[in-house]
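Beneath this line is the structure, given in structure tokens, with notes to follow.
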Amino acid sequence: MFYRAAGQFKTSYRADQALFPVRQDAMLLGFILILAWVVFPLTASEFAFQTLLIPILIYSLAALGLNILTGYAGQLSLGTAAFMGVGAYACYKMVTLMPWMSPVVAILLSGVFSAGIGVVFGIPSLRIKGFYLAIATLAAQFFLVWLFEKWAWLYNYNASGAIQVPNLQSFGVYVSGPQATSMVQYYVVLAVVTLLTWVCINLTRGTTGRIWKATRDMDFAAELIGINLMKSKLGAFAVSSYIVGVAGALFVFMWRGAAEPNLFDVPLSFRILFIAIIGGLGSILGNYLGAILIVGLPVILGVLPEVLGMQTDSALAEHLNTMIVGALIIFFLIVEPHGLAQLWRLIREKLVIWPFPH
Amino acid sequence: MLDATEGHTTADGRKIGPVVMEMKNITLRFGGVVAIENISFDIREGEIRAIIGPNGAGKSSMLNVVSGFYTPQEGEVWFRGQPRPPMKPYQVARQGIARTFQNIALFEGMTVLDNVMTGRLTHMKAGLFSQALWKGRAEAEETANREIAERVIDFLEIQAIRKTPVSRLPYGLKKRVELARALAAEPKLLLLDEPMAGMNVEEKEDMSRFILDVNDEFGTTIALIEHDMGVVMDLSDRVVVMDYGKKIGDGTPDEVRNNQEVIDAYLGVQH
Amino acid sequence: MNYTARLAAAAMAATFAASAGAQELNLPNLSYRTGPFASTGTPVMNGQADYFTMLNARDGGIGGVKVNAYECETGYNTEKGVECYEKTKGDAIVTQPWSTGITLQVLPKTNVDKIPILAPGYGFSAMADGEVFQWAFNMPASYWDGASMILKALGGEDMGGLKGKKIAFLHLDHPFGKEPLPYLEKKAADVGFELLPIPVGLKEMQNQSAQWLQIRRERPDFVIMWGWGAMNTGALTEAVKTKYPMDQFVGIWWSGHSDDLQVVGQDGKGYRAISFNAPVEDAPVWADIQKYVIEPGKTESDEEQRGEVFYQRGLVMSMMLAEGIRAAQEEYGTGNISPEQLRWGLENIELTAERLDELGMTGMVPPFSTSCGDHTGHSGGWMLQWDGAKFVKASDHLQENRDEIAPLEVEKAEEYAAANAPWPTQDCN
Amino acid sequence: MLHDIFIAPFADMIAAPDFLMQVLWEGLVSGILYALIALGFVLIYRSSRIFNFAQGIMVVFAALTLVGLHAMGVPAWISVVLTLAVMFGLAVAIERVVLRPLVGQPDIILFMATIGITLFLIGFGEIIFGGENKVMITEELGIPTGSWTLEPFGGLLILEQKDVTAVAVAAMLVVGLLVFLNRTQMGRAIRALGDDSQAALSVGISLRTIWVLVWFIAGIIALVTGIAWGARAGVSFALEVIAYKALPVLMLGGLESIAGAIIGGLMIGVLEKLFEIYWGQPLLGGNTETWFAFVLALIVLLFRPQGLFGERIIERV
């Protein structure tokens with residue numbers, strides 16, 4: 001009833017190509033945007049900002065970047081965290097070498113560096129495929145983390161080997177560092193995420209998106225219909241790594257405040273891969289759903305016993321949490337291997353014909 | 001070179017032009033196995049040219065050489081009067097050569113419409129920035145090419161399934177969608193690798209009609225591989241016959257039908 | 001009432017309970033009883049918890065106010081640590097981050113949130129400078145203190161015995177392991193020994209054969225280890241295998257865990273570790289723990305741990321916090337102190353020999369005191385030695401070379417403050 | 001610079017041949033363990049197309065079970081038998097709960113499922129066994145713990161007896177496995193499955209039986225690996241990361257080649273140790289073992305996409 005698409009006719013191809021051919025989708029998105037831009041920031045507690053809102057957005061963005069590469073262009077990568085690291089270190093070097101630079105500009109530029117490194121490590125994709133490529137991306141993962149550790153210039157020869165985000169202002173407001181408030185940081189993250197999501201939607205629904213999907217679905221056929229596989233794959237690596245790099249810069253500058261090299265190690269890569277897969281490969285929406293589940297669930301599981309007034313041992317809760325996340329991953333893969341986005345698509349299909357299913 | 005520049009008109013009134021593609025002494029080997037041995041033939045503009053032969057004769061390999069998917073060890077491919085330098089398959093496609101595949105090679109994760117739109121890729125030039133913003137050239141191109149794609153969809157009568165994911169389609173329709181994708185490219189030369197493999201009689205008739213219509217209405221040059229002799233003889237203007245990587249016959253369907261070597265090959269007579 | 005409603009009611013109750021919990025001293029501990037470092041973390045955390053349980057049972061808390069010492073599990077994971085910090089900071093009067101990585105991350109936040117960090121024996125050595133690091137405390141001794149004590153134990157009072165020697169510094173390739181490097185490098189130049197830093201990657205902790213091949217090739221006169229968790233066992237087994245003389249192998253206090261040494265047993269005899277606490281099996285405090293905590297079954301620890309270095313270290317850590325609370329309560333005349341007041345308390349700990357005696361902890365930690373400008377206290381420590389079955393005190397009280405560490409602390413603290421400007425500081429004079 | 005890269009390392013090797021032999025030996029021992037883990041991967045991949053990321057945690061789990069049972073007072077060898085029973089139970093459970101419902105899903109989904117298994121086993125294991133480091137019951141199992149000291153070229157070469165035992169046991173395991181795969185009907189079915197599942201089914205053994213069996217064999221391999229590695233450095237969850245080392249072995253040796261896994265494992269074990277000692281430590285600040293194997297495999301694949309032992313693939317359209 002709410003999702004009736006009947007009566008909404010398109011009179012031009014242009015209208016049919018609009019972002020939301022069904023009016024209700026646009027309304028739903030508007031509602032979510034109001035929630036994200038107005039309601040959440042006004043009502044969220046510090047705890048909610050720091051453990052739910054900001055990390056969910058950043059993880060979604062990282063997963064979006066990975067999804068471009070893996071979900072759209074079909075190149076499995078296990079090195080996401082390392083490219084996040086490249087973004088974070090690039091951002092750190094930029095703001096410390098050029099303190100006049102606005103941190104927001106630095107964050108957006110930092111993706112350029114990760115894109116460059118991404119293309120270099122994407123070159124093997126021209127020759128190897130599938131799991132072999134996935135393992136090859138681990139070479140980037142391990143090598144880059146090692147480099148973050150050994151190349152003291154990257155962390156300004158800091159004795160601890162870690163980077164510490166300085167207090168930086170943009171338009172007279174502290175945007176990064178401990179002086180920045182969570183609300184400001186949230187808005188910066190939200191703005192960047194909104195912008196990049198919109199860009200990704202445009203890219204994936206147009207020519208580039210079709211080139212990537214063709215490469216993913218059947219690479220030789222793609223080449224035989226005129227797609228330059230090298231450009232397609234390396235382009236996907238570049239765009240993906242750009243987004244991942246920006247996510248990495250946000251991760252450290254807008255959220256964590258400090259970073260050690262091993263922060264960008266394999267577990268983070270896997271975490272982002274989980275989000276992308278549980279959310280749904282080849283879907284933009286899925287990244288958000290996946291991040292809400294993977295980031296939000298442990299927080300809720302952690303708070304739940306307390307809310308229920310149960311006295312639990314925090315270590316036991318943590319072990320149970322690990323077990324539950326593991327079991328949930330298997331559960332979701334069995335129930336809906338195409339992820340939460342597909343689940344939503346099915347629900348939506350039902351809603352469109354509700355209450356008159358044939 | 002015999003009538004390389006002139007053309008003629010067929011009995012049913014179609015115009016056959018000069019030679020567009022010529023294979024000269026092609027030899028292709030995989031390791032020690034010779035897939036194609038010293039084969040030459042030509043394709044004229046506007047004609048339907050068939051390549052036939054028993055299994056393992058090297059027909060698909062020949063098509064792959066034309067597409068640039070395989071690079072022959074010896075011989076040259078001449079296209080539009082010039083020898084073609086070694087090219088990547090996508091460069092060949094951009095010269096206006098489109099094809100379909102023996103085992104359907106559609107993009108299963110995309111809708112029919114998107115699959116057909118991929119056929120238009122060689123005609124789309126918008127930059128990444130314009131695409132990212134969905135403004136200017138990107139948006140205009142999208143609409144213009146959509147119209148062309150829709151015309152192909154109309155022509156092949158697959159309007160009803162345009163937003164269906166390809167993976168949900170039955171075999172026969174998939175073959176048709178694949179043809180649509182190739183046609184959307186508006187190719188100068190269309191290569192069809194067993195377009196009727198695995199089809200029942202009605203589907204074969206439909207497909208034959210489409211092939212003839214394509215040739216007729218757009219004047220597209222077509223080279224096709226087919227197993228079914230009957231279909232080939234009805235459709236094509238000229239036929240190349242291959243066996244064990246060698247050319248054993250070339251000519252009009254009638255000439256080929258009466259060629260003793262061809263008959264032997266098909267009946268399995270020992271030489 | 002259906003289930004959802006009940007759940008909501010419970011949630012409400014929990015929220016109120018949290019805000020009404022003002023009658024308790026909330027002392028969260030960002031613990032880790034999981035992950036690769038759990039082996040070394042667990043006994044310390046048992047000790048920490050048991051001490052407060054004992055105070056609650058014996059004295060009804062501190063200054064009449066009940067202590068609510070609870071744990072938030074981090075698994076040594078920085079991300080989880082920050083989550084725990086954010087979750088607990090609302091009503092906490094202190095934060096105990098428990099990993100150098102989490103400390104680094106939480107350190108600047110405490111300036112804004114105005115909550116003292118207590119990082120006993122870990123974190124930044126420069127946190128000793130109370131003028132710069134108003135909110136951070138790392139008593140009773142810092143890593144640089146530890147390094148200094150080790151060098152003195154090896155090279156004599158003036159470290160002269162180290163001249164011309166070669167010292168391998170086997171460390172976790174992590175902020176924790178790199179901490180003492182500035183000091184060691186400085187001393188190498190001053191004294192004239194060769195320093196050979198050998199990093200052990202987090203992933204290589206259990207497979208250190210390459211590092212020990214390097215040690216075999218370089219033949220250092222001493223090996224100093226900054227290890228933690230599974231790295232200690234890895235190093236000790238390799239040392240035994242390489243037949244490296246155990247009496248030339250010395251670790252920091254986190255590398256002196258009995259369980260780690262069990263793996264090599266008798267072969268590890270002679271191995272030493274510096275420590276700011278020493279095991280005293282029959283300390284009077286143990287009787288109280290036994291009576292109020294272990295017998296009623298309010299603990300995860302057991303009788304076996306009584307003489308164990310790490311468990312006792314946990315007791316000492318909680319005792320220091322309790323002393324800070326006590327000092328603040330007396331100063332401000334209230335039982336229910338705020339984080340700011342606790343900060344003052346931690347700056348004014350007076351742990352004299354008499355006080356230790358009252359606490360029943362004589363010999364477990366050297367006497368020390370903190371001040372506005374000195375957030376470490378610099379208690380000094382003892383060498384402990386593995387006798388094949390347990391650690392025993394093997395030296396007199398050692399004291400670091402204050403005069404060479406202090407300027408380094410000031411220098412690094414200023415560097416940190418400059419890099420994190422605007423950084424609020426206090427004036428202690 | 002060039003001298004440091006191309007001349008000095010080799011000069012070092014020649015100057016101290018006993019040390020070089022020690023380095024090679026250490027590399028060989030690590031290599032054997034990499035090979036064992038890679039072997040577990042290969043078996044499972046061949047029979048079910050699953051890239052089993054859980055092989056690493058299975059090593060930890062098996063070792064923990066063994067040590068845990070012994071700590072409960074069970075005699076050592078009975079603990080081994082019981083651990084094998086547990087690994088068999090695990091294989092059955094994985095087949096029932098995870099694999100059967102996921103049959104026919106894309107590779108990446110199955111791969112993710114094994115990561116799910118990994119997380120589950122980590123949480124489960126920590127609840128049951130606790131996170132602290134444990135001592136492998138080396139002596140109780142009758143594994144000698146001393147060492148032999150040889151003096152080649154007047155130098156010193158230390159061979160740990162437990163390492164020698166590990167090498168010997170690993171070799172026996174590999175031989176036994178090869179005999180099983182080549183000489184028994186069940187084994188042939190497993191091998192056939194790698195090439196053609198129809199052919200395997202026609203032998204008359206159900207796919208499910210084969211899967212349980214293969215995961216069980218992987219469990220046995222995990223136990224052997226766990227004992228061997230645990231004897232060197234104790235048993236804890238930190239062991240899990242050695243599974244990563246098997247991945248470049250698979251790249252070099254190929255996902256389906258048993259011989260590839262063994263030769264690749266030994267090669268990587270030896271080369272990464274040589275590189276670390278003679279180039280990594282003097283020139284790059286050490287710890288190159290974290291990435292060397294991956295970068296090596298990557299470079300090899302760039303020139304031979306099919307790996308060292310794979311056959312050249314001709315693409316067909």
Highest number of heavy-atom pairs under 4.5 Å with chain A among B:Glu147, B:Gln131, B:Glu139 belongs to B:Gln131

If one checks every heavy atom of B:Met124 against chain A at 4.5 Å, the contacting part turns out to be side chain

Fill in: Cationic N near anionic O, under 4.0 Å, B:Arg120 to B:Glu141
no

Okay, A:Arg205 and chain B: the region with an atom under 4.5 Å from a heavy atom over there is both

Heavy-atom nearest pair, A:Val244 first then A:Thr80, reads CG1-O, 3.4 Å

B:Phe69/B:Phe101 aromatic ring centres below 6.0 Å:
no

Per-residue tally against chain B (heavy atom, under 4.5 Å) across A:Asn228, A:Leu229, A:Thr208 peaks at A:Asn228

If one checks every heavy atom of B:Thr122 against chain A at 4.5 Å, the contacting part turns out to be side chain

Assert top hit (heavy-atom pairs under 4.5 Å, partner chain A, pool B:Leu128, B:Asn115, B:Ile97, B:Val92) equals B:Leu128

Whatever's closer than 4.5 Å to a heavy atom in chain A on B:Leu106 counts as backbone

Any salt bridge between B:Arg29 and B:Glu74, counting N to O under 4.0 Å?
yes

Does the side chain of A:Met230 reach to within under 4.5 Å of the side chain of B:Lys88, using non-hydrogen atoms?
-> no

So, the part of B:Lys163 with a heavy atom under 4.5 Å from chain A: the answer is side chain

Stacked cation flag B:Arg181 on B:Phe107, 6.0 angstrom / 45 deg: yes

Most heavy-atom pairs under 4.5 Å with chain B, out of A:Cys200, A:Ala214, A:Gly206, belong to A:Ala214

Got a salt bridge between B:Glu194 and B:Lys175, using NZ or NE/NH1/NH2 to carboxylate O under 4.0 Å?
no

Under 4.5 Å to a heavy atom of chain A? For B:Gln95 that would be neither

